[in-house]
Amino acid sequence: MSQRFLSHMVKKEERRPRGRPRAYDPDRAMDRATAAFWRAGYSATSLDDLTTATGMNKPSLYSAFGDKHALYLAALERYTEAGRVAMVEALRPDLPLREGLQRVYDTALRFYLPVDQTARGCFLIGTATTESVENPDVRKKLRDGLRLYDSLFEARFAQARDDGEIAADADPAALASVASAVMHTLALRSRAGDPEKVLRAVADAGIDLICGREPTKSKRR
C-alpha cells in the first residue's frame with residue numbers, strides 16, 4: 001500500500017473524460033479499473049463499466065491490458081504489491097514492534113475507509129474470495145497474497161523475538177496468523193459498515209494480544 005498508490009485510490013475519483021485521453025496514463029487507468037472492480041466485484045463489472053471508468057474504448061483497453069480477466073488479475077497483483085511495499089515500510093526493524101503494527105493497521109484502514117466514500121474493505125479479500133471458488137487463477141492470486149503478508153509479519157516477529165521485544169518462546173508463524181487475522185477482520189467489518197472507532201479498538205486489542213498490554217495505555221484518539 002505505497003503512499004503514491006494510496007493517494008490515487010483513497011481520494012475522490014476525478015471526473016472521467018469522454019473517450020480515450022489523447023495520451024492515456026496507464027497508472028491512472030489501472031486505478032480507475034481497480035476502483036470499478038472494487039465497487040461491484042469482478043463478475044458484476046462489465047466491459048462497458050471498465051471503458052467508462054478508464055475513459056478508454058474497448059480496442060484500446062484490450063490493447064493496453066488484455067481482456068477483462070487479465071485486467072482483473074493485473075489489478076490484484078498491483079494491489080498486493082502495493083500492500084507489500086507498505087508493510088515492509090511499516091514493519092521496519094528499527095521501529096518498535098508495537099508502532100510497526102499500528103502503522104500497518106492504520107494504513108489498512110485508510111484503504112478500507114476512504115474519505116468521503118462508502119467503506120469498501122480490502123480489494124483482495126473483498127473481491128477475490130468470491131471469484132476464487134471457480135477461478136483457479138484468482139485463487140492463486142488470493143492465496144499468494146495472503147501468504148506474502150503472513151511471511152512479512154512472520155519475519156518481523158522473528159526479529160522481535162531475537163531482540164527481546166516478545167517472549168523468547170514465541171512462535172512467529174502463529175503470531176503472523178493472528179496479525180493477519182486482525183487485518184482480515186478489519187477488512188470484512190469495515191465493508192460491513194462498522195464505525196472506525198470500533199475498528200481501531202479491534203486493531204489495538206490485536207496489538208495488545210501480540211505485544212502484551214502496556215502498563216499505562218494512553219488514549220490514541
| task | Would you confirm whether Tyr105, through its side chain, and Leu199, through its main-chain N or O, come within 3.5 Å as a donor-acceptor pair? | result | no
| remark: d(Arg200 CZ, Ile207 CD1) to nearest 0.5 Å is 10.0 Å
| message | Ring centres under 6.0 Å, that's the criterion: do Tyr112 and Phe123 meet it? | response | no
| query | If every non-hydrogen atom of Arg139 is compared with every non-hydrogen atom of Val133, which pair is closest and at what distance? | reply | NH2-O, 3.1 Å
| For Asp137 and Asn135, which heavy atoms make the closest approach, and how far apart are they? | N-OD1, 3.0 Å
| query | Counting N and O atoms only, with roles assigned by atom type, does the side chain of Asp49 sit under 3.5 Å from a partner on the main chain of Ser46, one being a donor and the other an acceptor? | reply | yes
| Considering all heavy atoms, the nearest Ala36-Ala53 contact | CB-CB, 4.1 Å
| query | Rounded to the nearest 0.5 Å, what separation is found between the CD atom of Glu77 and the CG atom of Asp144? | reply | 9.5 Å
| message | Test of understanding: clusters of I, L, V, M, F, W, Y form through side-chain heavy atoms closer than 4.5 Å, transitively. Do Val88 and Met183 belong to the same one? | response | yes
| query | With a 4.5 Å limit on heavy-atom distance, are the side chains of Met56 and Thr51 in contact? | reply | no
| message | Do Phe153 and Ser177 make a side-chain contact, defined as non-hydrogen atoms from C-beta onward lying under 4.5 Å apart? | response | no
| said: Can you tell me how far apart CG (Leu124) and OG1 (Thr80) are? Round to the nearest 0.5 Å. | reply: 4.5 Å
| Side chain proximity check, Ile125 to His184, heavy atoms < 4.5 angstrom | yes
| request: Kindly compute the distance separating NZ (Lys140) from CG (Leu142), expressed to the nearest 0.5 Å. | output: 11.5 Å
| Arg39/Thr118 under side-chain contact (heavy atoms from CB on, under 4.5 Å): CA gap, chis, key distance, verdict | CA-CA 9 Å; Arg39 281 193 303 272; Thr118 303; over 6 Å; no
| Roughly how far apart are Thr54 OG1 and Asp25 CG, rounded to 0.5 Å? | 12.0 Å
| note | Between Gln102 and Asp204 the two heavy atoms that sit nearest each other are OE1-OD1, 3.1 Å
| field | Shortest non-hydrogen contact between Val138 and Ser132, atoms and distance | value | CG1-N, 4.0 Å
| message | I'd like to know if Asp208 pairs up with Arg98 as an ion pair, taking the criterion as any Lys NZ or Arg NE/NH1/NH2 lying under 4.0 Å from an Asp or Glu carboxylate oxygen. | response | yes
| task | Would you mind listing every salt bridge (Lys or Arg N to Asp or Glu O under 4.0 Å) that reaches into residues 52-68, with sequence neighbours excluded? | result | Asp48-Lys58
| request: Determine, using the 4.5 Å side-chain heavy-atom cutoff (strictly less than), whether Val198 and Leu109 are members of one ILVMFWY cluster. | output: no
| note | In this structure, CD of Glu131 is separated from CG of Leu73 (nearest 0.5 Å) by 10.5 Å
| query | Relative to each other, are the rings of Tyr72 and Phe37 parallel, tilted or perpendicular (30° and 60° limits)? | reply | perpendicular
| Ion pair present between Glu81 and Arg78, side-chain N to carboxylate O less than 4.0 angstrom? | no
| query | In chain order, what residues pass the salt bridge (Lys or Arg N to Asp or Glu O under 4.0 Å) check against Arg92, with sequence neighbours excluded? | reply | Glu89, Asp94
| request: Tell me yes or no: between the side chains of Ser60 and Asn57, is some donor less than 3.5 Å from an acceptor? | output: yes
| request: Could you list the residues that satisfy salt bridge (Lys or Arg N to Asp or Glu O under 4.0 Å) with Glu165, not counting sequence neighbours? | output: Arg156
| said: Quick check against the 3.5 Å criterion: does Ser63 have a side-chain atom that pairs as donor or acceptor with the backbone of Pro59? | reply: no
| So do the side chains of Phe157 and Leu101 get within less than 4.5 Å of each other, counting heavy atoms only? | yes
| Check: Leu95 and Arg103 side chains under 4.5 Å, non-hydrogen atoms | yes
| Do side-chain atoms of Arg120 reach the backbone of Phe111 as a donor and acceptor pair under 3.5 angstrom? | yes
| pair Thr127-Leu76: side-chain heavy atoms closer than 4.5 Å | yes
| said: Side chains of Met87 and Thr107, heavy atoms from C-beta outward: is any pair under 4.5 Å? | reply: no
| said: Testing the basics here: between Arg84 and Tyr149, what is the closest heavy-atom pair and its distance to 0.1 Å? | reply: N-CE2, 3.7 Å
| Can you tell if the side chain of Leu146 reaches within under 4.5 Å of the side chain of Ser180, non-hydrogen atoms only? | no
